[in-house]
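Because the structure is a prediction, the values reported are computed rather than measured. Sequence lines set the chain letters: A, B, ... in the order given, protein chains first and strands last, and positions in each chain run from 1.
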Amino acid sequence: DSGSVVPYPSLVAQSESTQRNTSKSGSASTAAMGTSSSSSSSASALIISACDKAGMEGIDRTRVDEIIMRESAGSVYMKQQQKRDQNVNVKIDELKQKLAAKDYSMASINSNATSWRRAGEHALEPIIDELVQSRPRRSTCVVVDMDGFYISCELLSRPPELGNLPCCVGGNMITTSNYVARRYGVRAAMPGWIGDKLVEELSNGKERLIHIPSNFDLYTRKAHIIRGALAEYDPNLRAYSLDEAYLDIGPYVDLRVGRGWSHERVVATLASTSKHSCEDKEHVDEEVGNEEEFIHCNVDISAIAAVVKEMREKVKVATGGLTCSAGLASNFMLAKIASDQNKPNGQKVVGPSHKEVLEFVHPLSVRKVPGIGRVMEKMLNAFDIHIVHDLYKERALVQFLFKPASARFLLRASLGWSNDSLDPSAPEDDEVGSSSSASGQKGISKERTFSAGKSWEELNSKLEDVCRSLSQSMVEKNIKAHTITLKVKLHTFDVITRAKTMPRGIVLQNADQMIVEMTEMLLNVKRQHKGTFSVRLLGVRCSNFQGDEERSQDSGQMDISKFISTCSPIRASHNSLVHSTGTTKMTSRIEKKVDFAQKGAQTDAQVKNTDISSFFSKEKGWNKVEEFETAQVLDSGTNSTHALHSVDPGNVSSVPASR
DNA sequence: ATACATACC
DNA sequence: TACTGGTATGTAT
């Protein structure tokens, strides 16, 4: 759906000139020419708010885009966005040249410029096999997402007629809009005055966008009620934000549907077992029993879906009428995507089989994948990759183009199973190894926007305010940090950051201490900066917390087998794309799954640790087709698993020799 | 360790 | 006129 972007002549022209400028160093590239136009045609995709949110299907995007562009044309903000867009264009051009060079060098070896891709696909086969094989075989992962959470909370306590009018939470900046407003293209992260214009013009002056000030306490209270309702189904749920939760209802389903227990009995059992960490497995065994058939009991997926339906109904009742949507799938990436499909007040089930997973995920725009944002979408589009199926089809190209972490993430996404770290919702690696700081939080920050052009004194005063506010939060949370970062946003929207790590033994929490550091840093930034130093935002961030040191070193040394023997089986049984934000902390899981879970964890970790893309890099000498073929022959001559999986990722070129 | 960029809600 | 705030993480140096 993101493919049809209205071209804006000025932007397109600008982008094309960028292309010329940046490709001047180009080597004779024939292969790249065929696709080089695509990066300019979607220039506006990065700049305007795409209408890809739930509730915005089939609206007159042309008119919405036209109004947004007209309203922001020439603004400083838009200029900054265009600058960003051009930087992405440069990146795309560099990738195209990299590809052209590859095709050129391969052509001299093989006479077929693109045959390296076939070889690459072949090299990926064992990795894909492993991934598919270690895929979970039940759909018990649930993502629950409240429908327009903030605005729904507000409308709950207001006359119902309001719900039929376009409403939003937020004044200068819109944080949520109701579905009436979304029909006009009004959405989160949109400045209020553009929302006003959209409603005014698209309703022909008949309607006006209603702004409701945000009331965070209200949303927090509701969020706790929601979590309470959901926790009956998974006491170890992860609350990702106020309005989103990740659950594994496998244990609930096994007892409720598999055993036929009452809801109340299941809740009591889960609540008591979840309090204990994985060392207390005997207790769980007593509670749950040891029968083998229970472990793999075949609960019909429609019965699981019914549980989700019931769960959503309980949320609605508990909150006094707030609706939510849910996705039910065999991993959290799919569940997350699915939760958006039947919004609002709906749910979507994705079956666990490979076939069902691919049928669900392959037709989707790559943008639907959590972790693929506007920039990655644009880069992929530039190589004619638009839907997830393209991502799979072009997997060799993708491995060649992107850095290992991105490439791995994209490959897994194309198979319908990503839990990689590109997604900020990915699991932390510290689940059990963590000792001191309980939350797993990595940093804390405060920032404030104000009208640009403040005097130096005013600026320093603002900075002190931010420091004091941050200090207060750190005292409340009992956080002390080693590193402090200053963030300065200029009136041009350019962002400058400067960081300082304190000498050993010195930690930051006290406001005055932070003010000293930040004031000096701001002065340095001002001195370094040429041109008018007009600031629109100041921010301070503290990271590198005291008490996190031993842990990071420890987990870095932990190898896979140790990881498995030490850790709870959570991640594996979840195959998780699990969050750890704040209040709810996952500690244990029903133990009967542990065998399967460990197996899953091992294969998963091995795949994860394999540097796929080194097979495509020049330096390793693995880009020659003949060597791929040699490797395959050698590989097929052994009983062990594929060569890839026993290889030190940092030394891939040693594989042929070791065989 | 630092600076900047991307992503999510 | 006018485009947030908080957190995490990837990439490059």
> Taking the side chain of A:Asn544 as its heavy atoms from C-beta onward, which of B:dA1, B:dA7, C:dG6 lies nearest to it?
B:dA1
> Identify which nucleotide among C:dC3, B:dA7, C:dG6 has an atom closest to any side-chain atom of A:Arg374, counting heavy atoms from C-beta outward.
B:dA7
> May I ask you to verify if any side-chain N or O of A:Arg84 is less than 4.0 angstrom from the OP1 or OP2 atom of B:dC4?
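A:Arg84 to B:dC4 OP1/OP2: no side-chain N or O under 4.0 Å.
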> Less than 4.0 angstrom between a side-chain N/O of A:Ser406 and OP1 or OP2 of C:dT11, yes or no?
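Checking C:dT11 against A:Ser406, a side-chain N or O does come within under 4.0 Å of OP1 or OP2.
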> Taking the P atom of each, how far is C:dC3 from B:dC8, in whole Å?
23 Å
> What residues form a salt bridge (Lys or Arg N to Asp or Glu O under 4.0 Å) with A:Glu464, not counting sequence neighbours?
A:Arg468
> Please work out if A:Leu537 contacts a base, only the sugar-phosphate, or nothing of the nucleic acid, heavy-atom cut-off 4.0 Å.
sugar-phosphate
> Taking N and O atoms by type only, does the side chain of A:Ser72 place a donor or acceptor under 3.5 Å from a partner on the base of C:dC3?
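Yes, a donor-acceptor pair under 3.5 Å.
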> Between C1' on C:dG10 and CE on A:Met376, what's the gap in Å once rounded to a whole number?
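After rounding, the gap between these two atoms is 10 Å.
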> Counting side-chain heavy atoms from C-beta on, which of C:dT11, C:dG6, C:dT7 comes nearest to A:Gln441?
C:dT7
> In this structure, how many angstroms lie between the P atom of C:dG5 and the OH atom of A:Tyr150, rounded?
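Interatomic distance, OH of A:Tyr150 to P of C:dG5: 14 Å.
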> Given C:dT11, B:dC8, C:dG5, identify the nucleotide with an atom nearest to the side chain of A:Lys403.
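The nucleotide sitting nearest to the side chain is C:dT11.
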> When the distance from CG of A:Asp85 to C1' of B:dA5 is rounded to whole Å, what number comes out?
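Taking CG of A:Asp85 and C1' of B:dA5, I get 14 Å after rounding.
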> Ignoring the backbone of A:Ile496, work out which of C:dG6, B:dC4, C:dA12 is nearest its side chain.
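Of the candidates, B:dC4 comes closest.
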> Can you tell which of C:dC3, B:dT2, C:dT11 lies closest to the side chain of A:Ile194?
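The closest nucleotide is C:dC3.
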> Rounded to the Å, how far apart are A:Met69 CE and C:dA2 C1'?
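It is 16 Å, rounded to the nearest whole Å.
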> Can you check whether A:Lys487 has a side-chain N or O nearer than 4.0 Å to OP1 or OP2 of C:dT4?
no
> Do A:Lys96 and A:Phe383 meet the cation-pi criteria used here (NZ or CZ under 6.0 Å from the six-membered ring centre, within 45° of the axis)?
yes
> Nearest whole Å is fine: how far is B:dC8 P from A:Glu377 CD?
10 Å
> Look at A:Lys336 and B:dC9 and indicate whether a side-chain polar atom (N or O) is within less than 4.0 Å of OP1 or OP2.
yes
> Whether A:Thr501 contacts B:dT2 is assessed here as follows: a side-chain N or O lying under 4.0 Å from the phosphate OP1 or OP2. Is that the case?
yes
> I want to verify a distance call: between C:dA2, C:dG10, C:dT7, whose nearest atom is closest to the A:Lys477 side chain?
C:dT7
> Measuring to OP1 and OP2 of C:dT1, would you say a side-chain N or O of A:Arg536 lies under 4.0 angstrom away?
no
> In whole Å, what is the span from the OH atom of A:Tyr240 to the P atom of B:dA7?
13 Å
> Quickly work out the A:Asp548 CG to C:dT9 P distance and round it to whole Å.
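Answer to the nearest Å: 12 Å.
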> For A:Ile68 and C:dC3, give me the distance from atom CD1 to atom C1', rounded to whole Å.
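Going from A:Ile68 (CD1) to C:dC3 (C1'), I get 12 Å.
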> Checking all strands, does A:Asn172 fall into the base, sugar-phosphate, or nothing category for heavy-atom contacts under 4.0 angstrom?
nothing
> Checking contacts here: which listed nucleotide (C:dA12, B:dC9, B:dT2) is nearest the side-chain heavy atoms of A:Glu244?
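Of all the options, the side chain of A:Glu244 is nearest to B:dC9.
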> Closest-nucleotide mapping onto DNA chain C: is A:Thr449 or A:Trp193 further toward the 5' terminus? I mean the 5' end.
A:Trp193
> Can you find a side chain N or O atom of A:Thr497 that sits less than 4.0 Å from OP1 or OP2 on B:dC4?
yes
> Choosing from B:dC4, B:dA7, C:dT4, which nucleotide comes nearest the side chain of A:Phe493?
C:dT4
> Distance to the ring centre below 6.0 angstrom and angle to the axis at most 45 degrees; does that hold for A:Lys98 and A:Phe400?
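Judged by the rule, A:Lys98 and A:Phe400 form a cation-pi pair.
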> Nearest to the side chain of A:Ser241, heavy atoms from C-beta on, is which of B:dA3, B:dT6, B:dC9?
B:dC9
> If only side-chain N and O atoms of A:Ser445 are considered, is one of them under 4.0 Å from the OP1 or OP2 phosphate oxygen of C:dG6?
no
> Base, sugar-phosphate, or nothing for A:Lys91, non-hydrogen atoms under 4.0 angstrom?
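Answer is sugar-phosphate: A:Lys91 comes under 4.0 Å of backbone atoms only.
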> Establish, with yes or no, whether the OP1 or OP2 oxygen of C:dC3 is under 4.0 angstrom from a side-chain nitrogen or oxygen of A:Gln81.
no
